[in-house]
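Nothing here was measured: the structure is a model prediction, and the numbers come from that model.
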Amino acid sequence: MIKEKDFITTVDKRFWKHISKEGPFKDVIKYNDFDREQFLKEVTSELNNYTYDFTLPVIEYAPKKNGLLRKIKCMQHGDACIYYYVTKKLQNDIVKEIKKVDDVFGGFRMTSELKPKPEDDKPIDPSYENSFSSTQFRKEWSDYQNLAKQLYEDGYKNYLHFDIAHFYDDINLSILEGILQNVSKGKSELIRLLFFFLRNSDRIDLGYNDSTVGIPQESVGEMSRLLANLYLSPYDREFSKGLKGIFGKNKFKYFRYADDMWVAFNGPSANYKRVIQYAGILLQKQKLHLNESKTEILTRKEFNNHWHFDLWERVLKSRKDSKACLHNSFEIQNRFKKGRWFSPLLYTIRVVTGNKKNVAHFTNLKLAKKFLGRLLGQPKFGMRINGGNKDFFEELFIKYPRLVTEVVKPIVDKNFFLNPNVQIFSLELLTMCSPNDNSYYVFRRYFAFNNEPYHWYLRCLCLRYLSQYGPKISKWKSCAKILKIIIQNEKSLNHFERRDTIHFLLSLKSIDSESVLNKYFNRPEDLKFCQYLKLNP
């Protein structure tokens, strides 16, 4: 039995705020209609009565190389709270086990720390950071990078770098459950709940078959991070012990962050083959495999070039000089193509876009177009509009209204079509930062995004923007077309898009839209949401 008070306390207000207002996809009213305590009481009751039904997640597609997309699951509130609760109750045992091997980074406790203040910023890597515990993430990554720098200064001759192919996707759930049962004694009921969730979290692809491998790359990032690091703990112990047999005690250094692994050592560089072979054998016991394409042996100079220690030092020294950061952002993109150049680049861009006063550095339209064009041309940036940079981009559009043409390109250009995150950023710029009335244009884009499964959030953003002009749009002849599309797609709308559609239909204030609402949006949650919107216009 899960105690109601314990569930409400453990699923703390910080986590609730994160999944309600800070995730990658914002709800149309930021879930202001949800009462946290009442919601958690209902979830607890359903769990204890065995009537809780895990729902299908919403999928986010993050860009990788060559147009490939990485699937990230955005769970609905109940599922996210259960996953968080169970993992948090087990985290002390998990972290204790992970930290038995020195210099393993990323396996830290979930914390309720708020975002860092600007003066507390540390070097980051956007591949690992999330917004829930960004203070702790930055501290952990900074410690990892500082260790790498220390090992460079210690003068090791060789640095072996390797990682795991399809790490999260290949984690064997039976092996993971066995590890967790061993480290968390007396908590079998929680562990059973956790693995019931994990084995039923991939119904989108597997239907009603249980998953046997893979933990979700979930949008919060905290829960799966801990489990993934725990999964490698048996490997860490055996690998560290075996390296002593290869090199001797104190003649090497093994360190890792998640599945990003390094071995620094002296002696013949050919020894790396013995290390790789040994690592591969141990990982196969865990049903994992090395990523051969990313295995490399670096000299001391190449190791320095990979980490860009000097570049980071220069970037951090100039962080209070936003004009220098703007210059650095262009220089880094022009000069560097290998290693961890992307992290200092993203840092400089965040400094520049974090304050609207920095618009003064853009002395002409050509410079502004160049800066914005590079943001839109690099899917890896994953830029989004938030409370900090919104003011910056609004000011930039006021100064240079013609920038809107640059924003439109990724939405209409077929070369951008494979990168939904770039189009999301473009549409956010167009609808949230441009001072012009773009309702007709956004109306047309809604139809262009129809029937594209991974452009659902673009449709949400279109509807959200159009809701501001509801009475005006209801008078357009083409309004009947959008009502027809809504009727056709009603059964396939996910949780987010359904709420945005209801919000839009109410904004039209027409007989036709009211008819569509009454006929097609009459689920209990629809009616409850409608009532809230009518009482809180």
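The shortest distance between side-chain heavy atoms of F449 and C462 falls below 4.5 Å. Using a 4.5 Å heavy-atom cutoff, the side chains of Y159 and V263 are not in contact. Between S219 and F25, the closest side-chain pair of non-hydrogen atoms is not below 4.5 Å. Under the 4.5 Å side-chain criterion, counting only non-hydrogen atoms from C-beta, W307 is in contact with F303. With a 4.5 Å cut-off on side-chain heavy atoms, Y52 and I82 count as touching. The closest side-chain heavy-atom distance from V101 to V104 is below 4.5 Å. Looking at L375 and I349, their side chains come closer than 4.5 Å, going by heavy atoms from C-beta outward. Side-chain atoms of T431 and R464, non-hydrogen and from C-beta on, never get closer than 4.5 Å to each other.
A donor-acceptor pair is defined here as one N or O able to donate and one able to accept, closer than 3.5 Å; no such pair exists between the side chain of S45 and the backbone of K41. Within the 3.5 Å criterion, the main-chain N or O of S329 finds a donor-acceptor partner in the side chain of Q333. Counting only distance, with no hydrogens or angles, the side chain of Q76 and the backbone of T55 share no donor-acceptor pair below 3.5 Å. Of the possible polar contacts, one joining the S233 side chain to the L230 backbone as a donor-acceptor pair under 3.5 Å is found. Judged purely by atom type and a 3.5 angstrom limit, D12 uses its side chain to pair as donor or acceptor with the backbone of F15. Judged purely by atom type and a 3.5 angstrom limit, D6 has no side-chain atom pairing as donor or acceptor with the backbone of I2. Under the 3.5 Å distance criterion, the side-chain polar atoms of E218 are matched with a main-chain donor or acceptor of V220. Distance alone, capped at 3.5 Å, places no donor-acceptor pair between the R109 side chain and the I94 backbone. Remark: the backbone N or O of V351 is paired with a side-chain donor or acceptor of N358 at under 3.5 angstrom. Between the side chain of Y465 and the main chain of M432, no donor-acceptor pair closer than 3.5 Å is present.
From I164, atom CD1 reaches atom CD1 of I171 across 8.0 Å, with rounding to the nearest 0.5 Å. One finds the CG atom of L151 at 12.0 Å from the CZ atom of F252 (value rounded to the nearest 0.5 Å). The CG atom of D236 sits 4.0 Å away from the OH atom of Y254 when rounded to the nearest 0.5 Å. Atom CZ of R340 and atom OG of S343 lie 7.0 Å apart (nearest 0.5 Å). Distance check, rounded to the nearest 0.5 Å: CE of M261 to CG of L290 gives 7.5 Å. The CD atom of Q217 lies 10.0 Å from the CZ atom of F167; values are rounded to the nearest 0.5 Å.
Using modelled atom types and a 3.5 Å distance limit, the side chains of N355 and S322 yield no donor-acceptor pair. For the residue pair Q150 and N146, no side-chain donor N or O sits within less than 3.5 Å of a side-chain acceptor on the partner. Side-chain contact, E140 with Q136: no donor N or O sits under 3.5 Å from an acceptor N or O. The closest side-chain donor-acceptor pair between S293 and N291 falls under 3.5 angstrom. If you check the side chains of D260 and H161, you find a donor sitting under 3.5 Å from an acceptor. With hydrogens and angles left out, the side-chain atoms of S224 and Y83 include a donor and acceptor closer than 3.5 Å. Side-chain contact of N200 with Y208: a donor-acceptor pair under 3.5 Å is absent, judged by distance alone.
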Item to check | Intermediate values then yes/no, side-chain contact (heavy atoms from CB on, under 4.5 Å), L533 and K528 | outcome: CA-CA 9 Å; L533 291 177; K528 185 177 179 181; over 6 Å; no
Checklist line | Working for side-chain contact (heavy atoms from CB on, under 4.5 Å), residues L232 and R256 | finding: CA-CA 10 Å; L232 286 178; R256 74 167 175 88; 3.5 Å; yes
The test is salt bridge (Lys or Arg N to Asp or Glu O under 4.0 Å); show your working for K285 and E238 and say whether it passes. CA-CA 11 Å; K285 291 172 63 176; E238 284 196 63; 3.3 Å; yes
* Give the intermediate values and the outcome of salt bridge (Lys or Arg N to Asp or Glu O under 4.0 Å) for residues K139 and D143. => CA-CA 6 Å; K139 179 185 182 302; D143 291 344; 3.1 Å; yes
Problem set entry | Step-by-step side-chain contact (heavy atoms from CB on, under 4.5 Å) determination, I204 to L56 | CA-CA 7 Å; I204 290 177; L56 295 176; 3.9 Å; yes
Checklist entry - Could you walk me through whether H289 and L283 pass the side-chain contact (heavy atoms from CB on, under 4.5 Å) check? => result CA-CA 6 Å; H289 301 87; L283 287 171; over 6 Å; no
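For the residue pair G214 and L173, the shortest heavy atom distance occurs at O-CD2, 3.6 Å. The shortest non-hydrogen separation linking I8 to R36 is O-NH2, 2.6 Å. Between W341 and I332 the shortest heavy-atom distance is O-CG2, 3.8 Å. Minimum heavy-atom separation, H308 to F336: CE1-CD2, 3.4 Å. Contact detail for C325 and R319: the closest heavy-atom pair is SG-CA, 3.9 Å. Minimum interatomic distance between L427 and L458 (heavy atoms only, all atoms of both residues): CD2-O, 3.4 Å.
Partners of S174 under the side-chain contact (heavy atoms from CB on, under 4.5 Å) rule, at least two apart in sequence or in another chain, are N172, R199. Here K3 pairs with nothing under the salt bridge (Lys or Arg N to Asp or Glu O under 4.0 Å) rule; sequence neighbours left out. Partners of D79 under the salt bridge (Lys or Arg N to Asp or Glu O under 4.0 Å) rule, at least two apart in sequence or in another chain, do not exist in this structure. Every side-chain contact (heavy atoms from CB on, under 4.5 Å) that E497 has, sequence neighbours left out, goes to W456, R459, C460, L493, N494, T501.
K5 and E37 are not joined by a salt bridge, as no carboxylate oxygen comes within less than 4.0 angstrom of a charged side-chain nitrogen. A salt bridge links R225 with E222: at least one charged nitrogen is closer than 4.0 Å to a carboxylate oxygen. Here E394 does not pair with K356 in a salt bridge; the nearest charged N to carboxylate O distance is not below 4.0 Å.
Checked against the 6.0 Å centroid criterion, the rings of Y257 and W262 do not qualify as a close aromatic pair. Taking the six-membered ring wherever Trp is involved, the centroid distance between the rings of F309 and W312 does not fall below 6.0 Å.
Ring geometry, F239 versus Y235: the interplanar angle falls under 30°, so the pair is classed parallel (tilted spans 30 to 60°).
More than 12 heavy atoms of other residues, nucleotides or ligands shown are found within 6.0 angstrom of CD on E525.
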When the side chains of residues 184-197 are checked against the rest of the protein, which donor-acceptor pairs come out under 3.5 Å, sequence neighbours left out?
unit_1, atom_1, unit_2, atom_2, d
S184, OG, D93, OD2, 3.2
K187, NZ, D93, OD2, 2.8
E189, OE2, M1, N, 3.0

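Within the structure, side chain to side chain donor-acceptor pair (under 3.5 Å) pairs that include any residue of residues 23-34 comprise K21-N32, D27-R499, Y31-H495, D33-R499 (at least two apart or interchain).
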